[in-house]
Amino acid sequence: MVKKVDHIGIAVKNLDEALKFYQETLGLNLSGTEVVEQQKVKVAFLPIGDSEVELLESTEPDGPIAKYIEKKGEGIQHIAYRVDNIEEAIAEMKEKGVRMIDEKPRYGAGGAKIAFCHPKSTYGVLIELCQRD
Ligand code: ZN
């Protein structure tokens, strides 16, 4: 059902500082940034091979990324798997008994269609299903 790791979402407190590490120490290239207002997050895209690292900084103190860092600290927040058809993938997950956070696709950074699965259904990992056209 899932095709590949689309990206890894990493929650950071300070995007500029984290970018220094990813660019200067790891040698990745920044391909762009985007603010996703609905999710109160600023995203930086760092392609690596056929996949991507996405650094996530909260734009508001009450945003989901800020809350995540408060609870768990900085680190890997979610893993996104590429699917061909997000509606079908959501239906299939539900059919297989996976609890979905998003029953309908929503807008994801970079113009993707995304839906999150509940970590209680996925061995503790926040899984994002991600379709790109
Ligand atoms: Zn993501």
Side-chain angles (χ1 to χ4, degrees):
M1 182 176 102
V2 301
K3 304 299 176 193
K4 63 169 204 166
V5 174
D6 185 89
H7 63 270
I8 299 168
I10 298 172
V12 300
K13 287 181 190 165
N14 184 311
L15 199 54
D16 292 331
E17 270 180 32
L19 272 173
K20 257 187 228 160
F21 171 76
Y22 279 87
Q23 291 176 286
E24 289 166 24
T25 308
L26 294 183
L28 296 183
N29 292 312
L30 176 68
S31 70
T33 61
E34 179 183 350
V35 173
V36 183
E37 301 281 355
Q38 308 95 298
Q39 283 157 49
K40 300 178 180 172
V41 69
K42 186 174 179 189
V43 185
F45 306 99
L46 298 136
I48 174 163
D50 198 25
S51 190
E52 206 165 64
V53 169
E54 291 188 6
L55 300 178
L56 313 164
E57 180 196 64
S58 191
T59 55
E60 304 285 340
D62 66 338
I65 294 302
K67 282 183 190 158
Y68 179 88
I69 289 173
E70 225 169 81
K71 256 197 250 168
K72 301 195 173 171
E74 293 178 297
I76 295 177
Q77 198 254 350
H78 67 271
I79 307 255
Y81 293 116
R82 178 79 63 87
V83 297
D84 288 333
N85 182 313
I86 190 100
E87 281 90 359
E88 278 174 27
I90 293 169
E92 190 177 336
M93 291 297 259
K94 284 167 69 180
E95 224 173 79
K96 289 175 173 171
V98 177
R99 202 168 128 202
M100 297 299 299
I101 293 171
D102 299 305
E103 305 252 325
K104 280 184 190 153
R106 60 161 130 154
Y107 177 84
K113 282 191 210 167
I114 65 165
F116 285 103
C117 310
H118 200 286
K120 288 223 160 92
S121 286
T122 57
Y123 296 87
V125 176
L126 180 58
I127 289 178
E128 175 190 315
L129 304 173
C130 175
Q131 176 190 340
R132 294 185 196 270
D133 296 317

Check step by step if side chain to side chain contact (heavy atoms under 4.5 Å, CB included) holds for Ile8 and Ile76.
CA-CA 7 Å; Ile8 299 168; Ile76 295 177; 4.0 Å; yes
Are [X] and [Y] close enough that some pair of their side-chain heavy atoms sits under 4.5 Å apart?
X: Val35; Y: Glu37; value: yes
X: Glu88; Y: Val83; value: no
X: Glu57; Y: Ile65; value: no
X: Glu128; Y: Asp6; value: no

Joint hydrophobic cluster, [X] plus [Y], side-chain heavy atoms closer than 4.5 Å:
X: Val98; Y: Tyr81; answer: yes
X: Val36; Y: Phe45; answer: yes
X: Leu19; Y: Val43; answer: no

Of all the heavy-atom pairs spanning [X] and [Y], show the shortest one and how long it is.
X: Ala66; Y: Glu60; result: CB-O, 3.6 Å
X: Cys117; Y: Leu126; result: O-CD1, 3.4 Å
X: Glu54; Y: Ala109; result: OE1-CB, 4.5 Å
X: Pro64; Y: Gln39; result: CD-O, 3.4 Å
X: Gly111; Y: Glu34; result: N-OE1, 4.5 Å

Give the intermediate values and the outcome of side chain to side chain contact (heavy atoms under 4.5 Å, CB included) for residues Gln38 and Arg106.
CA-CA 10 Å; Gln38 308 95 298; Arg106 60 161 130 154; over 6 Å; no
Hey, is the main chain of [Y] close enough, under 3.5 Å, to the side chain of [X] for a donor-acceptor pair?
X: Ser31; Y: Leu46; answer: no
X: Tyr68; Y: Gly63; answer: no
X: Lys42; Y: Leu15; answer: no
X: Gln131; Y: Ile86; answer: yes

Working to the nearest 0.5 angstrom, can you tell me the gap between [X] [atom1] and [Y] [atom2]?
X: Gln23; Y: Leu30; atom1: CD; atom2: CG; result: 5.0 Å
X: Glu52; Y: Arg82; atom1: CD; atom2: CZ; result: 9.0 Å
X: Ile114; Y: Arg132; atom1: CD1; atom2: CZ; result: 9.5 Å
X: Leu129; Y: Ile79; atom1: CG; atom2: CD1; result: 12.5 Å
X: Thr59; Y: Asp62; atom1: OG1; atom2: CG; result: 8.5 Å
X: Thr122; Y: Met100; atom1: OG1; atom2: CE; result: 10.0 Å

Tell me whether the count of non-hydrogen atoms from other residues, nucleotides or ligands lying under 6.0 Å of [atom1] in [X] goes above 12.
X: Ile48; atom1: CD1; value: no
X: Ile101; atom1: CD1; value: yes
X: Asp50; atom1: CG; value: no

Which residue pairs satisfy the ring pair (Phe, Tyr, Trp, His ring centres under 6.0 Å) criterion with at least one member in residues 92-133, sequence neighbours excluded?
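Those involving residues 92-133 are His78-Phe116.
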Which residue pairs satisfy the salt bridge (Lys or Arg N to Asp or Glu O under 4.0 Å) criterion with at least one member in residues 9-31, sequence neighbours excluded?
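For residues 9-31: none.
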Less than 3.5 Å apart, which donor and acceptor atoms pair up between the side chains of residues 90-97 and the rest of the protein, not counting sequence neighbours?
residue, atom, partner, partner atom, Å
Glu92, OE2, Lys96, NZ, 2.6
Lys94, NZ, Glu103, OE1, 2.7

